[in-house]
Amino acid sequence: MTGQAQAGRPIKLLRNLNAKIASIPMILTALVIFVGGTFWTVFYSFTNSKLLPRLSFVGIDQYERLWAAPRWVTAIENLALYGVLSLIFSLVIGFMLAALMDQKIRFENTFRTIFLYPFALSFIVTGLVWQWVLNPDFGIQSVVRSMGWTSFTFNPLYTPEIVIYGILIAALWQGTGLVMCLMLAGLRGIDEDIWKAARVDGIPMWKTYLFIVIPMMRPVFITTIVIIASGIVKVYDLVVAQTSGGPGISSEVPAKYVYDYMFQAQNLGQGFAASTMMLVTVAIIIVPWAYLEFGGGRKRG
């Protein structure tokens, strides 16, 4: 009987055959464009390619030149500072807004739309808007001074020491709404009985969130962190729209460094080396996430 049942089952490889056939174009696209392009970039990062790729190997010279360049070091420092602050503030502000929205307030849909609306704008539009808002001649500084506070100074985009914070403000304004929606979806997935039990036990609201709700939202937090981190690594549009990397090189970021060397300086080898370093950064983010989501889950099971 068991043998007949096994004989009647389709071969595992042939299950959902139509879906597998339909996925072949996407699989080929991923292999050729993404995987192939990645290996191509890494391969030519060890060459002395200029305007066009060429097989003139120079070992790790491009990487040595990359890490000896003050512009690249500044870009990495800016990315680290911007990334840490963006990650922290996005999560904190997004979760706090989601917690407020979860209180079943009036006009929730309206507020949710308002908070999420900036995310619908392109980074270029956001950068230009905040370039105007932070402009000392007709932005916040000008408005405050017109009210009588003539000594007030707030021009981050024109101050090298704090220019990255001006870019951070624009990024938070645009991205916090998405984080809020992700957190709100996670909060709405918490069983109502858990809230009732916490109230019956007399647990303060902040302890309920900190020790019960947030640990239960671990998958939501991991996914949100990956989304934020991937956006941090490839930040480019905001910088170009607001400062173009200035004043000087004080707001330089890796993505802009790659673009400038590949398409303006016509130094493909240096651009490929910088791209490879960005790829390593993305791998550092993705591999732990994949382990936590898949490998860790299997072990727990």
Side-chain angles (χ1 to χ4, degrees), residues 15-16 19 23 26 82-123 125-126 129-130 168-235 238 282-301:
R15 292 177 186 173
N16 301 321
S23 66
M26 192 62 221
Y82 170 86
V84 171
L85 294 179
S86 179
L87 192 63
I88 293 173
F89 282 111
S90 293
L91 289 174
V92 172
I93 297 173
F95 184 81
M96 290 178 65
L97 289 174
L100 291 173
M101 289 290 179
D102 197 41
Q103 305 305 311
K104 309 296 190 298
I105 62 174
R106 295 182 63 185
F107 307 112
E108 177 189 331
N109 291 336
T110 302
F111 284 115
R112 191 165 54 197
T113 302
I114 292 172
F115 287 128
L116 188 59
Y117 173 74
F119 187 74
L121 302 176
S122 71
F123 285 104
V125 173
T126 298
V129 168
W130 278 95
L168 176 65
I169 292 171
L172 291 175
W173 179 79
Q174 181 167 28
T176 303
L178 175 65
V179 177
M180 179 203 70
C181 288
L182 293 172
M183 294 296 175
L184 183 60
L187 287 172
R188 293 286 163 84
I190 301 296
D191 195 335
E192 188 65 30
D193 292 338
I194 294 175
W195 296 102
K196 292 179 181 178
R199 286 194 293 268
V200 169
D201 292 340
I203 302 175
M205 183 65 73
W206 68 271
K207 284 189 176 181
T208 303
Y209 277 110
L210 190 60
F211 298 109
I212 300 176
V213 174
I214 290 179
M216 294 181 66
M217 291 176 60
R218 174 181 166 276
V220 176
F221 272 93
I222 292 175
T223 301
T224 304
I225 289 171
V226 170
I227 293 174
I228 297 172
S230 63
I232 290 169
V233 172
K234 62 184 182 182
V235 61
L238 278 177
V282 173
I284 291 173
I285 296 170
I286 295 298
V287 170
W289 169 77
Y291 173 78
L292 290 172
E293 285 296 297
F294 303 106
R298 289 174 182 172
K299 287 183 179 179
R300 288 192 301 271

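In what follows, every heavy atom counts, from backbone to side chain, and hydrogens, waters and symmetry copies are set aside.
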- Item | Sequence-distant partners of Asn109, side chain to side chain donor-acceptor pair (under 3.5 Å), two or more places apart | Arg112
- Task: Identify, with sequence neighbours excluded, every residue that meets side chain to side chain contact (heavy atoms under 4.5 Å, CB included) alongside Pro204.
- Result: Trp206, Lys207
- Min side-chain heavy-atom separation Met217-Ile190 under 4.5 Å: yes
- Is atom OH of Tyr117 surrounded by more than 12 heavy atoms (other residues, nucleotides or ligands) closer than 6.0 Å? no
- Who are the side chain to side chain contact (heavy atoms under 4.5 Å, CB included) partners of Asp201, not counting sequence neighbours? Ile203
Only pairs under 3.5 Å count here: list side-chain donor-acceptor contacts from residues 168-180, not counting sequence neighbours, and write none if there are none.
| residue | atom | partner | partner atom | Å |
| --- | --- | --- | --- | --- |
| Gln174 | OE1 | Thr126 | OG1 | 3.3 |
| Gln174 | NE2 | Pro118 | O | 3.4 |
| Gln174 | NE2 | Leu121 | O | 2.5 |
| Gln174 | NE2 | Thr126 | OG1 | 3.4 |
| Thr176 | OG1 | Leu172 | O | 2.5 |

- Query: How many angstroms lie between CD1 in Ile105 and CZ in Phe111, if you round to the nearest 0.5 Å?
  - Reply: 5.5 Å
- Item | Euclidean distance, Met205 CE relative to Leu210 CG, rounded to 0.5 Å | 13.5 Å
Acceptor/donor pairs from residues 86-104 side chains to any protein atom, 3.5 angstrom cut, sequence neighbours excluded:
| residue | atom | partner | partner atom | Å |
| --- | --- | --- | --- | --- |
| Ser90 | OG | Ser86 | O | 2.7 |
| Asp102 | OD1 | Arg188 | NE | 2.7 |
| Gln103 | NE2 | Ala99 | O | 2.9 |
| Gln103 | NE2 | Tyr209 | OH | 3.2 |

- Dump the intermediate steps for side-chain contact (heavy atoms from CB on, under 4.5 Å) on Thr223 and Leu182, then the final yes or no. CA-CA 9 Å; Thr223 301; Leu182 293 172; 5.8 Å; no
- Message: Within the supplied structure, the quantity of interest is the number of heavy atoms (other residues, nucleotides, ligands) at a distance under 6.0 Å from Phe123 CZ; does it exceed 12?
- Response: no
Would you list the atom pairs, donor with acceptor, under 3.5 Å between side chains in residues 227-234 and any protein atom, with sequence neighbours excluded?
| residue | atom | partner | partner atom | Å |
| --- | --- | --- | --- | --- |
| Ser230 | OG | Val226 | O | 3.2 |
| Ser230 | OG | Ile227 | O | 2.8 |

